[in-house]
Amino acid sequence: GLGGPPLLLPSMLMFAVIVASSGLLLMIERGILAEMKPLPLHPPGREGTAWRGKAPKPGGLSLRAGDADLQVRQDVRNRTLRAVCGQPGMPRDPWDLPVGQRRTLLRHILVLAGVLDSVDVRLKMDHRSDLVFLADLRPEEIRYRLQHYFKFLFVRDPLERLLSAYRNKFGEIREYQQRYGAEIVRRYRAGAGPSPAGDDVTFPEFLRYLVDEDPERMNEHWMPVYHLCQPCAVHYDFVGSYERLEADANQVLEWVRAPPHVRFPARQAWYRPASPESLHYHLCSAPRALLQDVLPKYILDFSLFAYPLPNVTKEACQQ
Ligand SMILES: *[C@@H]1O[C@H](CO)[C@@H](O)[C@H](O)[C@H]1NC(C)=O
Ligand SMILES: *[C@@H]1O[C@H](CO)[C@@H](O)[C@H](O)[C@H]1NC(C)=O
């Protein structure tokens, strides 16, 4: 329960892990963090910065210095979301959604209720068993949280996200190779045997698979963020981005008045992000027609979250 002792500490590590792997959404009870005292094991140690005081309102604050382009993009994102979601016929809350979409959404909204003793703990978490999702709660509890909690979502360049999912899931995770990789090879590789290992899926094969899949039933790591997070049905207080992960995460911590010992953690050693060069290489190597078929599936992610479509002209790819 959220009313428990101050042992409850939001797991910012888990936050980072999930940001790294997919679109995500999290909720924090406004103010709950401010009531927590630092744990005895982790004395404040930074009295100078102390408590961050009154939380400024989202939107009305001056963002930290930094990339003006990214700030413009955040503003565009905010306005686009409001314009699109204000159209007639758009869902206004999760109960406007078809039951399958609602189930997907609620299974992915994470309730930050404190899981780790410290943000410095080094471990990989089991998303399923260690964390509380909205779907674990009763309908009235869900409604209460959607209404009163601080809700935020982090987005990432859609293609970078796909490449990252491809590299991580098919390059490193046996379960994904068996569950999805083998199926992809069977379907799209001429001359594949009846039981391929699925550990050598190519990026174009992965793209072909995405073209044929129903976006609403995809695995969460490549399901369009629009379907995963339903930004019209849930009124997010803040949409952060992977491109300014640290600054945006700190912003969230400020808004929820996190005490100083709750920090956004350093990147874990095992995490190797997909570089822009690697994305450029993969996109330019993929058949153009394939990209043209894949992009429409993610068009809402590009447009709502203000990401440009990739430039895969001959000139751009020769560079
Ligand atoms: C968008 O801006 C409005 C007004 O400044 C603010 O209330 C709202 O929380 C913002 N929404 C997002 C998702 O950033
Ligand atoms: C794509 O990149 C090339 C080479 O950098 C550039 O000349 C062209 O204007 C770009 N196209 C678009 C639509 O951005």
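Both counts, for ligands and for their atoms, begin at 1 and track the order of listing. All values reported here derive from a predicted model rather than from experimental measurement.
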**Report entry** Nitrogen or oxygen atoms of E315 and ligand 2 under 3.5 Å apart
**Finding:** no
Query raised in the report: Tell me: protein heavy atom nearest atom 3 (C) of ligand 2, and distance?
Result: N311 ND2, 3.6 Å
Query - Distance from atom 4 (C) of ligand 2 to nearest protein heavy atom, with residue and atom - result: Q319 NE2, 3.5 Å
Query raised in the report: Can you tell me if H227 uses its side chain to pair, donor with acceptor, with the backbone of M223 under 3.5 Å?
Result: no
Query - Donor-acceptor under 3.5 Å (D237 side chain, K151 main chain) - result: yes
Query raised in the report: Taking the six-membered ring for Trp, are the ring centroids of W222 and Y166 within less than 6.0 Å of each other?
Result: no
Query - atom 7 (O) of ligand 2 within contact range, any protein heavy atom under 4.0 Å - result: no
**Report entry** Nearest-0.5 Å distance that lies between atom CG in L309 and atom CZ in F302
**Finding:** 5.5 Å
Query raised in the report: Among N78, L153, D75, whose heavy atom sits nearest atom 10 (C) of ligand 1?
Result: N78
Query raised in the report: Going through the distances and angles, do R179 and E183 end up as a salt bridge (charged side-chain N to carboxylate O under 4.0 Å, His left out)?
Result: CA-CA 7 Å; R179 178 141 177 230; E183 168 72 12; over 6 Å; no
Report task. Pull out every atom of ligand 2 sitting under 4.0 Å from any heavy atom of T313, numbered as shown with elements. Result -> 1 (C), 2 (O)
